[in-house]
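No experiment lies behind these values; they were computed from the predicted model shown.
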Number of protein chains: 2
Amino acid sequence: MVKTFLSKNKLILLYGLSSAILLFVLKWLELKFVIMQNAFEIYAGCIALLFMGLGIWLALKLSKPKKETIIIEKEVFIKDTSDFVLNEKEIEKLGISKREMDVLQLMADGLSNQEIAERLFVSLNTIKTHSSNVLEKLDVKRRTQAVEKAKRLAIIH
Amino acid sequence: MVKTFLSKNKLILLYGLSSAILLFVLKWLELKFVIMQNAFEIYAGCIALLFMGLGIWLALKLSKPKKETIIIEKEVFIKDTSDFVLNEKEIEKLGISKREMDVLQLMADGLSNQEIAERLFVSLNTIKTHSSNVLEKLDVKRRTQAVEKAKRLAIIH
DNA sequence: TAGCGATTCATCCTAAAGTGTGAATTTGAT
DNA sequence: ATCAAATTCACACTTTAGGATGAATCGCTA
């Protein structure tokens with residue numbers, strides 16, 4: 001609890017400490033120079049410098065960092081799918097179910113089985129099952145082939 | 001040209017001006033309080049406050065803003081694969097080599113790394129290296145994503 | 001010729017994908 | 001209500017993919 005207090009009020013404590021030290025220095029300077037009244041400007045200059053330094057330090061420490069936003073426009077290529085017609089006959093012919101289609105589409109989007117599982121709120125094992133079924137029904141060995149074939153057959157985008 | 005000089009050195013001029021004004025104030029204060037020697041601390045305090053203020057102001061004005069980059073994705077529609085033109089600019093921009101392109105194309109054809117290795121008469125490890133490089137250069141995590149992105153960027157069929 | 005990028009290959013390790021089998025539950029149609 | 005298909009999940013296991021690192025070779029170029 002003492003630790004959290006210290007860390008939370010670190011800056012304030014530092015400020016207080018600095019002020020105390022500076023007051024000491026001030027007093028010392030006063031004693032030193034009180035004899036030679038003509039050293040007025042030197043005294044004032046020292047104080048000015050010290051406190052300006054303190055001010056700069058304080059401002060840098062306490063001020064929220066300024067943010068300058070740089071906006072970079074990045075081109076993202078998107079395939080025009082306006083003239084896409086879903087080949088439902090092919091889907092039916094292959095005997096692919098709705099859920100399997102969902103998984104197939106997400107596979108084509110480049111998601112991992114784990115990500116698909118999270119997206120569809122089911123377990124990884126379930127997606128593996130669907131995935132296996134899709135691969136078998138499309139008569140392919142890997143998901144990359146499945147995606148390629150599915151796109152060729154126009155059963156997904 | 002005068003204008004640019006002014007704008008360029010605005011802060012420095014401001015600082016100089018402030019200093020001049022403060023010196024005046026100092027002199028005035030000196031004249032005012034030189035009679036009552038006991039007002040030493042008040043004088044010092046005023047200087048301290050003024051210069052601390054100046055320090056804070058200076059720091060806030062001169063501190064460099066932290067840059068924050070925001071990337072905005074801009075959609076760009078590309079043509080259908082029927083009138084496919086290889087996007088060589090993109091390939092060069094991404095720094096993908098000839099051999100890596102070979103591997104990428106075969107990956108898109110749904111071949112496994114082993115099959116690609118056999119096709120190109122090199123070892124499996126070599127294909128893994130190329131594959132990893134391609135994934136990194138395309139900034140994706142899986143080969144399905146790589147294929148999808150590469151097709152979108154029109155760097156493969 | 002010294003340096004650089006590209007290509008090749010290796011080893012070790014982790015993560016993801018895929019196979020096979022079995023089973024509980026849900027849903028739709030007869 | 002019942003049967004078939006669909007959906008869900010588990011577990012054990014194999015294969016494939018991917019990451020990190022180091023290193024040898026080759027061709028091109030300053």
Asks: Taking A:Glu148 first and then A:Arg152, would you say they form a salt bridge - that is, a charged N and a carboxylate O separated by under 4.0 Å?
Replies: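 Looking at A:Arg152 together with A:Glu148, the answer is yes, because their closest N to O distance falls below 4.0 Å.
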Asks: Give the rounded distance in Å between these two atoms: CD of A:Glu118 and C1' of D:dC9.
Replies: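 A:Glu118 atom CD is separated from D:dC9 atom C1' by 16 Å.
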Asks: Without decimals, in angstroms, what is the distance between B:Gln114 CD and D:dT15 C1'?
Replies: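 Computing the B:Gln114:CD to D:dT15:C1' distance gives 11 Å.
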Asks: Within the pair B:Asn113 and D:dA17, is there a side-chain N or O less than 4.0 Å away from OP1 or OP2?
Replies: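 Answer is yes, contact under 4.0 Å.
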Asks: What integer distance in Å separates B:Ile127:CD1 from D:dA17:C1'?
Replies: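 Taking atom C1' of D:dA17 as the reference, CD1 of B:Ile127 is at 13 Å.
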Asks: Under a 4.0 Å N-O cut-off, is there an ion pair linking A:Glu90 with A:Lys93?
Replies: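 Salt bridge between A:Glu90 and A:Lys93, a charged N being under 4.0 Å from a carboxylate O: yes.
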Asks: How many Å lie between CG on B:Leu106 and C1' on D:dA17, as a whole number?
Replies: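 Taking CG of B:Leu106 and C1' of D:dA17, I get 16 Å after rounding.
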Asks: Does CD belonging to B:Glu136 count more than 12 external heavy atoms closer than 6.0 Å?
Replies: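 It does not: B:Glu136 CD has 12 such atoms or fewer within range.
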Asks: Side-chain N or O of A:Arg142 versus OP1/OP2 of D:dT16: is the shortest distance under 4.0 Å?
Replies: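 No, outside the criterion.
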Asks: Looking at A:Ser112, I'd like to know whether one of its side-chain N or O atoms comes within less than 4.0 Å of OP1 or OP2 on C:dA16.
Replies: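 So the side chain of A:Ser112 is outside the cut-off, no N or O lying under 4.0 Å from OP1 or OP2 of C:dA16.
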Asks: Distance alone, cut at 3.5 Å: any donor-acceptor contact between the side chains of B:Thr126 and B:Ser123?
Replies: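 There is such a pair (donor and acceptor under 3.5 Å, judged by atom type) between the side chains of B:Thr126 and B:Ser123.
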Asks: Mark yes when over 12 heavy atoms from residues, nucleotides or ligands other than A:Lys151 sit less than 6.0 Å from its NZ; otherwise mark no.
Replies: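 Enclosed: over 12 neighbouring heavy atoms sit under 6.0 Å from NZ of A:Lys151.
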Asks: Using a 4.0 Å heavy-atom cut-off, write out nucleotides 3-15 of chain C from 5' to 3' as B (base contacted by protein), S (sugar-phosphate only) or - (no contact).
Replies: ----SBBBB----
Asks: For B:Leu104 and D:dA17, give me the distance from atom CG to atom C1', rounded to whole Å.
Replies: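 The distance from CG of B:Leu104 to C1' of D:dA17 comes to 15 Å, rounded to the nearest Å.
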Asks: Does B:Ser132 place a side-chain N or O at less than 4.0 Å from the phosphate oxygens OP1/OP2 of D:dG18?
Replies: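 Checking B:Ser132 against D:dG18: no side-chain N or O falls below 4.0 Å of OP1 or OP2.
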Asks: Rounded to whole angstrom units, what separation is found between the NZ atom of B:Lys141 and the P atom of D:dG19?
Replies: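 Rounded to whole Å, this separation is 9 Å.
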Asks: Report, as yes or no, whether the 6.0 Å neighbourhood of atom NZ on A:Lys141 holds more than 12 heavy atoms from other residues, nucleotides or ligands.
Replies: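 No, not enclosed.
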Asks: Rounded to the nearest Å, what distance is computed from the CZ atom of residue A:Arg143 to the C1' atom of nucleotide D:dG18?
Replies: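 Going from A:Arg143 (CZ) to D:dG18 (C1'), I get 14 Å.
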Asks: What is the distance from CE of A:Met107 to P of C:dA16, rounded to the nearest Å?
Replies: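 Checked: the CE to P distance equals 16 Å.
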Asks: Quick check: is B:Leu124 connected to B:Leu135 through a chain of hydrophobic side chains (ILVMFWY, heavy atoms under 4.5 Å apart)?
Replies: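 Each belongs to a different hydrophobic cluster.
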